Amino acid sequence: MASTAEREVAAVPDASHILVRSAGKTYRDGEQPTVALADVDLSVPRGRFVSVIGPSGCGKSTLLRLVAGLEEPDTGDVSIFGATAQQASAAKSIGFVPQVPALLPWLSVLDNVRVLDKVNRRAGRRRREAAGAATERCELAGDPVQLLTRLGLGDALAQRPGQLSGGMKQRTAIARAFALQPDVLLMDEPFSALDEFTREAVQLQLLDVWHETRTTVLFVTHSVTEAVLLSDTVVVMAARPGRIAAVLDIGLERPRRHGHLDSDAMHACEHAVRAHLEQAWTDVLPRDLV
Amino acid sequence: MVSARLAAAARRAAAATGFLHPRWWLPTLVALAAAAVVWTLVARSNPYVLPALGAVGEQLTTQPGFYVENAAATLREALLGLLAGSVAAFALAVGISESTVLRRALLPLVVVLNVTPVVAIAPALVVAFGFGILPKVVVTALITFFPVLMNTTTGLRSVARPVLQVFRTVHASRLDVLWRLRIPSALPYVFASLRVVFPLSIVGAIVAEFSAAGATQGLGTVISVASSSSQLDRVFAAIACLAVMGSVLLLLVTAVERRVLSWHESQSGPS
């Protein structure tokens with residue numbers, strides 16, 4: 001259950017937060033209905049990097065799909081800086097990075113990053129006009145070549161996805177999402193298929209680009225280390241039914257480097273997250289397994 | 001960039017001149033020679049079943065104009081039917097993949113049409129459309145229609161879910177999804193079916209010519225007229241033309257496929 005403090009925050013609609021209000025989602029395709037999410041409240045302030053972590057089946061990916069507007073909640077609602085998920089995606093203000101890179105194999109790396117410019121053009125034009133009037137957009141994210149170069153793909157612009165390694169493909173998918181200059185970036189275990197070394201390198205590259213764009217990020221992961229290294233806030237979820245077990249702030253200083261991986265402060269944060277995760281596990285597993 | 005392009009050109013050149021190496025052509029040549037020897041032996045003992053290779057060659061060399069003319073007629077029927085059949089199949093595939101109503105309405109009809117033997121329909125079409133080119137084009141179109149339809153329908157549905165999700169999160173229109181995702185994803189499937197139906201189109205044209213007893217032109221007509229008067233050398237000369245036509249069509253579609261689908265796994269050779 002979410003704490004009462006969060007509920008109070010969630011009760012105020014505002015344009016500076018992503019709000020999930022008592023969202024519930026039940027899947028009825030199996031023999032028994034599965035309660036993927038039960039009464040979840042979450043509030044993410046603009047510009048934060050928030051990780052969602054939990055055992056498999058805890059509904060973390062479902063939560064992400066609700067925010068992305070790919071699914072509708074059965075109960076409750078989602079608002080993204082004052083707009084509904086549908087309005088936000090219609091305005092092209094959601095960047096989505098799925099678990100697999102989901103690139104188009106017939107396009108080069110550069111064209112894969114630019115392809116979303118060509119769909120839903122009206123929203124793109126509207127946003128550019130609004131951006132011109134208000135604040136200038138991030139220069140890095142506005143230039144696909146610069147963005148890809150920063151992510152270490154400067155030499156691979158003309159290559160096709162079939163010629164790339166897993167890490168390069170996932171970095172291309174990340175560049176595609178950043179290039180939209182979205183208000184919120186939703187990432188669904190984007191590094192889970194990568195080997196340890198590649199993953200650490202890509203994590204730092206992600207942080208590097210994020211520092212410049214300061215996009216709000218909702219990042220689903222099953223790695224405690226990854227969650228702590230990347231995030232300002234870690235949301236711990238528990239399964240059956242899927243719910244939020246704890247919300248922890250990570251006070252580590254930024255910019256974060258891999259040197260931090262071994263620091264005492266980092267270990268303390270990991271320990272705290274793990275303790276909450278174990279608590280979430282005990283609710284599910286038989287005693288002797290824990 | 002330039003060096004990569006040069007390297008690619010060098011690879012292509014190497015691949016092209018690779019055909020000249022004995023390792024490439026020798027096995028084929030030996031097999032062909034062996035087949036010719038067997039043919040000659042069989043033909044010598046059964047002259048009323050198999051004509052001598054020399055007699056077939058003589059047919060082709062003494063009156064090449066006759067064969068070219070009839071081959072052109074058959075090829076015209078085959079290609080027109082192919083064009084009509086595959087364009088219609090592609091359009092219908094897009095239609096039924098976009099509209100459930102259309103799929104429910106038309107797919108059973110199409111399946112029934114497909115399981116009905118074209119050989120059985122051909123005489124009826126001749127009765128309906130006469131002895132001109134039209135019934136032949138229709139038969140060829142029918143024979144090429146179904147493979148293209150089925151493969152294209154599967155291909156249009158082959159887009160991975162995560163890719164569709166990425167497009168949905170930016171509210172891509174159905175037209176965008178169709179044009180930028182579904183059709184490119186379907187191309188490998190379309191080409192797989194084209195490799196089948198290009199040679200098959202000739203079968204369609206020949207079957208139609210067989211059914212139209214009064215037809216004046218085409219290699220099918222040549223074969224049925226010549227076989228009724230036991231001119232075996234003429235029959236086999238026409239068959240040889242058909243074999244060459246089928247092979248050329250297959251080479252053509254494979255070459256186009258290699259260009260269009262350079263990004264696809266099927267085109268990356270052993271490395």
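Values reported hereafter were calculated over all heavy atoms of this structure, with side chains retained and with hydrogens, waters and symmetry mates removed. Computed from a prediction, not measured in an experiment: that's the story for all the values here.
Contact count versus chain B (heavy atoms, under 4.5 Å) is highest, among A:Ala85, A:Ala173, A:Ala90, for A:Ala90. When each of A:Gly69, A:Ala102, A:Gly95, A:Ser89 is checked for heavy-atom pairs under 4.5 Å with chain B, A:Ser89 comes out on top. Interface check for chain B: of the options A:Gln99, A:Lys92, A:Arg65, A:Gln163, the most heavy-atom pairs under 4.5 Å are formed by A:Lys92. Chain A forms the most heavy-atom pairs under 4.5 Å with one residue out of B:Val159, B:Asp176, B:Leu181, and that residue is B:Asp176. Ranked by heavy-atom pairs under 4.5 Å with chain B, the first of A:Leu104, A:Val100, A:Val97 is A:Leu104. Ranking B:Leu164, B:Val177, B:Val163, B:Val170 against chain A, the residue ahead of the rest is B:Val170, based on heavy-atom pairs under 4.5 Å. Most heavy-atom pairs under 4.5 Å with chain B, from the set A:Leu107, A:Asn120, A:Val115, A:Asp188: that is A:Asn120.
For A:Gln86, the parts lying under 4.5 angstrom from a heavy atom of chain B are both the backbone and the side chain. Interface residue A:Leu70: backbone and side-chain heavy atoms are both found under 4.5 Å from chain B. Using a 4.5 Å cut-off between heavy atoms, B:Leu187 does not touch chain A at all. Within the 4.5 angstrom heavy-atom criterion, atoms from both the backbone and the side chain of A:Ile94 approach chain B. Neither the backbone nor the side chain of B:Ser173 comes within contact range of chain A; no heavy atoms are under 4.5 Å apart.
The heavy-atom pair separating B:Trp263 from A:Pro105 by the smallest distance is CB-O, 3.3 Å. The minimum heavy-atom distance linking A:Arg160 with B:Ser262 is given by the pair NH1-OG, 3.4 Å.
Within a 6.0 Å radius of CZ in A:Arg214, more than 12 heavy atoms belonging to other residues, nucleotides or ligands are found.
In this structure, B:Leu261 and A:Trp106 have side chains that are not in contact, with every pair of non-hydrogen atoms separated by 4.5 Å or more.
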